[in-house]
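Just below is one structure, and these are the notes that go with it.
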Amino acid sequence: MDKKKKISFHLDTPYSAAAWPQIPPKDQDIILELLCSLLSPLGHYRSQHIHPSKGNRAKKRKRKEQSNSETAPPAPPAPEIQSYVDIGLSCVSRCLQKTTSEGLESSSLRDGQKLEELPASRFYSAIFVARSGQPNALSSHLPQMVAVACKSHPSQPPTRLVELPKACESRLCESLGIPRVSCIGICVGAPNSNALVDFTREHVVITKVPWLEEASDAEYRSTRINTIATAIGSRKKIRGRST
């Protein structure tokens with residue numbers, strides 16, 4: 001017996017969707033090894049000089065820890081790479097937004113004047129995201145933000161957006177010495193990052209968002225309506241229900 005079908009309608013944007021750059025697994029493995037090698041000094045520093053929080057303790061124990069910390073020698077300065085690395089999806093997103101705003105302000109000042117482009121206070125050479133192949137609402141905005149940030153600073157080499165398998169998260173956490181990480185941004189000029197940046201620029205294509213050019217044409221596009229046929233299951237009978 002054929003099941004009844006129900007037609008459902010979904011509204012969609014008429015513009016082309018932004019796609020993540022496709023990277024072969026072999027290149028992903030090489031990028032992961034280079035990235036972990038670059039970040040390993042941070043993990044070593046945290047394991048030696050930064051102790052993770054264990055929650056609230058009694059006041060007496062806090063006083064004792066404070067007295068011990070006064071006599072303990074000060075920790076050495078953090079590795080230089082720390083100031084060039086942003087960790088966390090929120091931190092990277094805020095930096096991309098700030099980079100775009102600075103580029104737009106710089107372009108508005110140059111309108112009608114022969115002024116050079118103002119350098120960005122913080123510009124990424126590459127962004128690494130550990131995610132699964134399925135669409136993820138938490139990181140789906142990154143291709144658009146990366147493309148707009150690069151477009152606002154044409155004098156800078158385009159930022160590469162690198163998607164890594166979700167299984168790589170444990171390796172990155174071990175290298176950084178933190179319990180969880182999903183997004184890492186490496187800024188331009190990071191020390192000892194030439195091998196990673198050069199390989200990434202050579203094997204990862206520039207992130208492109210077609211709808212940016214499509215929207216600039218100022219051409220009317222009707223809303224796309226997707227029709228999906230779904231099967232309707234038979235209604236289950238409730239036992240013990242009085243008629």
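Everything quoted here is computed from the prediction, not taken from an experiment. Position 1 is the first residue of the sequence; numbering continues from there.
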For [X] and [Y], which heavy atoms make the closest approach, and how far apart are they?
{"X": "V209", "Y": "P143", "result": "CG2-O, 3.6 Å"}
{"X": "I206", "Y": "P158", "result": "CD1-CG, 3.7 Å"}
{"X": "M145", "Y": "S93", "result": "CE-O, 3.3 Å"}
{"X": "S83", "Y": "R122", "result": "O-NH2, 2.8 Å"}
{"X": "V92", "Y": "G185", "result": "CG2-N, 4.0 Å"}
{"X": "I81", "Y": "P191", "result": "CD1-O, 3.8 Å"}

Are [Y] and [X] connected into the same hydrophobic cluster when the rule is that any two of I, L, V, M, F, W, Y join if their side-chain heavy atoms are below 4.5 Å apart?
{"X": "F199", "Y": "L161", "value": "no"}
{"X": "I87", "Y": "L39", "value": "yes"}
{"X": "V204", "Y": "L142", "value": "no"}
{"X": "V85", "Y": "L164", "value": "yes"}
{"X": "L34", "Y": "L176", "value": "yes"}

Look only at the side chain of [X] and the backbone of [Y], and say whether a donor-acceptor pair between them is shorter than 3.5 Å.
{"X": "R46", "Y": "G177", "value": "no"}
{"X": "H203", "Y": "I23", "value": "no"}
{"X": "Q28", "Y": "E163", "value": "yes"}
{"X": "S175", "Y": "S37", "value": "no"}

Can you find a pair of side-chain heavy atoms, one from [X] and one from [Y], that are under 4.5 Å apart?
{"X": "R94", "Y": "C91", "answer": "yes"}
{"X": "S125", "Y": "R201", "answer": "yes"}
{"X": "V148", "Y": "V146", "answer": "no"}
{"X": "R131", "Y": "K166", "answer": "no"}
{"X": "T207", "Y": "P21", "answer": "yes"}

Measure the [atom1]-[atom2] distance between [X] and [Y] for me, rounded to the nearest 0.5 Å.
{"X": "I178", "Y": "L172", "atom1": "CD1", "atom2": "CG", "value": "8.5 Å"}
{"X": "Y84", "Y": "I186", "atom1": "OH", "atom2": "CD1", "value": "12.0 Å"}
{"X": "D27", "Y": "E202", "atom1": "CG", "atom2": "CD", "value": "9.0 Å"}
{"X": "C36", "Y": "F128", "atom1": "SG", "atom2": "CZ", "value": "10.0 Å"}
{"X": "F123", "Y": "E102", "atom1": "CZ", "atom2": "CD", "value": "11.0 Å"}
{"X": "L32", "Y": "C168", "atom1": "CG", "atom2": "SG", "value": "4.5 Å"}

H44 atom NE2, over 12 foreign heavy atoms within 6.0 Å: no
How about D29: does its CG atom have over 12 heavy atoms from other parts shown lying under 6.0 Å from it? yes
Only residue of L96, L89, T200, D86 satisfying side chain to side chain contact (heavy atoms under 4.5 Å, CB included) with I127 is L96
Please walk me through it: do V129 and V162 pass side-chain contact (heavy atoms from CB on, under 4.5 Å)? CA-CA 6 Å; V129 185; V162 182; over 6 Å; no
Applying side-chain contact (heavy atoms from CB on, under 4.5 Å), run through C150 and Y124 and close with a yes or a no. CA-CA 9 Å; C150 295; Y124 292 129; over 6 Å; no
